[in-house]
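What follows is a set of notes on a single structure, which appears directly below.
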Amino acid sequence: MTDLSELLSTEDLEHVRPRSHPSWVQPTLATLTHDHFSDPAWLYERKLDGERCLAFRDGDSVRFLTRNRKDVSDTYPELVDALAAQDVADVVLDGEVVAFEGRQTSFARLQGRLQLSDPKRARASGIEVFYYVFDLLHRDGYDLTGLGLRTRKNVLRHTLRFTDPLRFSVHRVEHGEAMYREACRKGWEGAIAKRGDGSYHHGRSTDWLKFKCVRDQELVIGGYTEPQGSRHGLGALLVGYHDHGGLRYACKVGTGFTAKVLAQLHDELSRISTDASPFTDAQDVPRRGVHWVRPRTVAQIGFTEWTEAGRLRHPRYQGLRRDKDARDVVREQT
DNA sequence: TTCCGACAGTGGGGTCGCAAT
DNA sequence: ATTGCGACCCCACTATCGGAA
């Protein structure tokens, strides 16, 4: 591990402030865009489909927190161990916890671990996880969020020993469009573009942009229909998003489920049923044969495009997002 | 034995036209 | 006049089965 003083120029030091180890830092959230570009002032990284986590190490204490501040240290004990074994005793990292299905990162596979909170069961799950670290927010009593991204990454590289399950998230400079094409060709989720000289922003930022290959959207489940024919459990989910203080209906989703998932969803949703529709745009929401549920469950829905009418075209169910809070679900920019 | 492709079945949004209300 | 419904187009996806490798 290289000393901070060796890694930072006198100019850099002007952007660094002493700070005691923070218990929480609001992570940067990237903004979705379809305007893909190449720019030497930007860095481009692979977009990983996993669980965003900040890692805090303060001496013997190591914690992994999701972006909703949920402590998942017991879910990823081997990551805790790996960080505890590093030389640096005071550090805050930003990265993504991922699992693989073959050579692809797979959120679906990671889901098998997300709800495990017993470290023994988590270790025994057979689902190997990795922590792809892409940012460094704090080290050795200093707040580094005021530094430019390039500098933070350089310091990060010289702060940790990157051996599995800790991995440095590689980036490339300037060639954003090529990066995006490569990402889609390889079946990745997309690419993230980051302004190279940008300081660490708290919350949604346009200094970080998402170039997505597949389009998906997190939506709140507000109801479900009866199954038809030979199907069991439920027919389709009615999903929506928050807009102007209400829950706006987005579409029905009736495909992408296995028989097992249909049964699980029906079991889970029937427990939170309610008499009234949670959707606030009363007209245009199907009502016939619909069972309403309290709007607290978040599902990830793949689709091809938003229609003129504000519906999703070709929607398909991709899984629950138990790591997301229903209250935060809004429509992403098209 | 495993793998792959075709097919049936269930479901979506949008549009159209017809029948019931 | 409005509403409901089925048929049709596009499409996504799972489950199954039989034949190829």
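Just so we're clear, the structure is a prediction, and the values are computed from it rather than from any experiment. All chains are named by letter (A, B, ...) in the order of the sequence lines, taking the proteins before the strands, and each is independently numbered beginning at 1.
- By the side chain to side chain donor-acceptor pair (under 3.5 Å) test, A/D81 is found to be paired with A/R123, residues two or more places apart in sequence or in another chain being considered.
- Both A/R316 and A/R288 lie close to DNA chain C; mapped to their nearest nucleotides by heavy-atom distance, the more 5′-ward contact belongs to A/R288.
- Here the two rings, on A/W306 and A/Y241, have centers that are under 6.0 Å apart.
- At a cut-off of 3.5 Å, with distance as the only test, no side-chain donor of A/R172 or A/Y44 sits close to an acceptor on the other residue.
- The C1' atoms of five pairs define one axis at each end of the helix from B/dA8-C/dT14 to B/dT21-C/dA1, and these two axes lie 30° apart (to 10°).
- A straight line from OH of A/Y224 to P of B/dG12 spans 15 Å, rounded to a whole angstrom.
- When hydrophobic clusters are built by joining Ile, Leu, Val, Met, Phe, Trp and Tyr residues whose side-chain heavy atoms come closer than 4.5 Å, directly or via intermediates, A/V88 is grouped together with A/L144.
- The residue from A/R46, A/R167, A/E96 that alone fulfils the side-chain hydrogen bond (donor to acceptor under 3.5 Å, both in side chains) condition with A/Y132 is A/R167.
- Listed by chain and residue number, A/I221, A/I301, A/Y317, A/L320 satisfy the side chain to side chain contact (heavy atoms under 4.5 Å, CB included) test with A/A299 (two or more places apart in sequence, or in another chain).
- Counting only residues at least two apart or on different chains, the salt bridge (charged side-chain N to carboxylate O under 4.0 Å, His left out) pairs with a member in residues 223-247 of chain A are A/D243-A/R248.
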Atom pairs under 3.5 Å: protein N/O with N/O of nucleotides 14-21 of chain B:
from	atom 1	to	atom 2	distance (Å)
B/dG14	OP1	A/T307	OG1	2.2

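- Only A/G256, A/F257, A/T258, A/A259, listed by number, bring a heavy atom of residues 256-278 of chain A to less than 4.0 angstrom from any atom of DNA chain C.
- Cluster membership check: A/L43 does not share its hydrophobic cluster with A/L209, using side-chain heavy-atom separations under 4.5 Å among Ile, Leu, Val, Met, Phe, Trp and Tyr.
- Screening residues 14-32 of chain A for salt bridge (charged side-chain N to carboxylate O under 4.0 Å, His left out), with sequence neighbours left out, gives A/R19-A/D143.
- Side-chain atoms of A/E51 and A/Y76 form a donor-acceptor pair, as typed in the model, at a separation below 3.5 Å.
- A/H314 and A/T304 share a donor-acceptor pair across their side chains, judged by distance under 3.5 Å alone.
- Look at A/Y249 and you won't find any side-chain N or O under 4.0 angstrom from OP1 or OP2 of B/dG12.
- Atom NE2 in A/H314 sits roughly 10 Å away from atom P in B/dG13 (whole-Å rounding).
- Taking a 4.0 Å limit (strictly below) on heavy-atom distances, residues 228-244 of chain A does not reach DNA chain C anywhere.
- Partners of A/R327 under the salt bridge (charged side-chain N to carboxylate O under 4.0 Å, His left out) rule, at least two apart in sequence or in another chain, are A/D325.
- Protein chain A contacts DNA chain C over a range whose 5' and 3' limits, counting nucleotides with an atom under 4.0 angstrom from a non-hydrogen atom, are C/dC5 to C/dA15.
- Note on A/L238: it clusters hydrophobically with A/V253, by side-chain heavy-atom contacts below 4.5 Å among ILVMFWY residues.
- Annotation: salt bridge (charged side-chain N to carboxylate O under 4.0 Å, His left out) contacts involving residues 251-261 of chain A, sequence neighbours excluded, are absent.
- Counting Ile, Leu, Val, Met, Phe, Trp and Tyr side chains that sit under 4.5 Å apart, directly or through other members, A/F56 shares a hydrophobic cluster with A/W24, A/V25, A/L54, A/L65, A/V92, A/F134, A/L137, A/Y200, A/W208.
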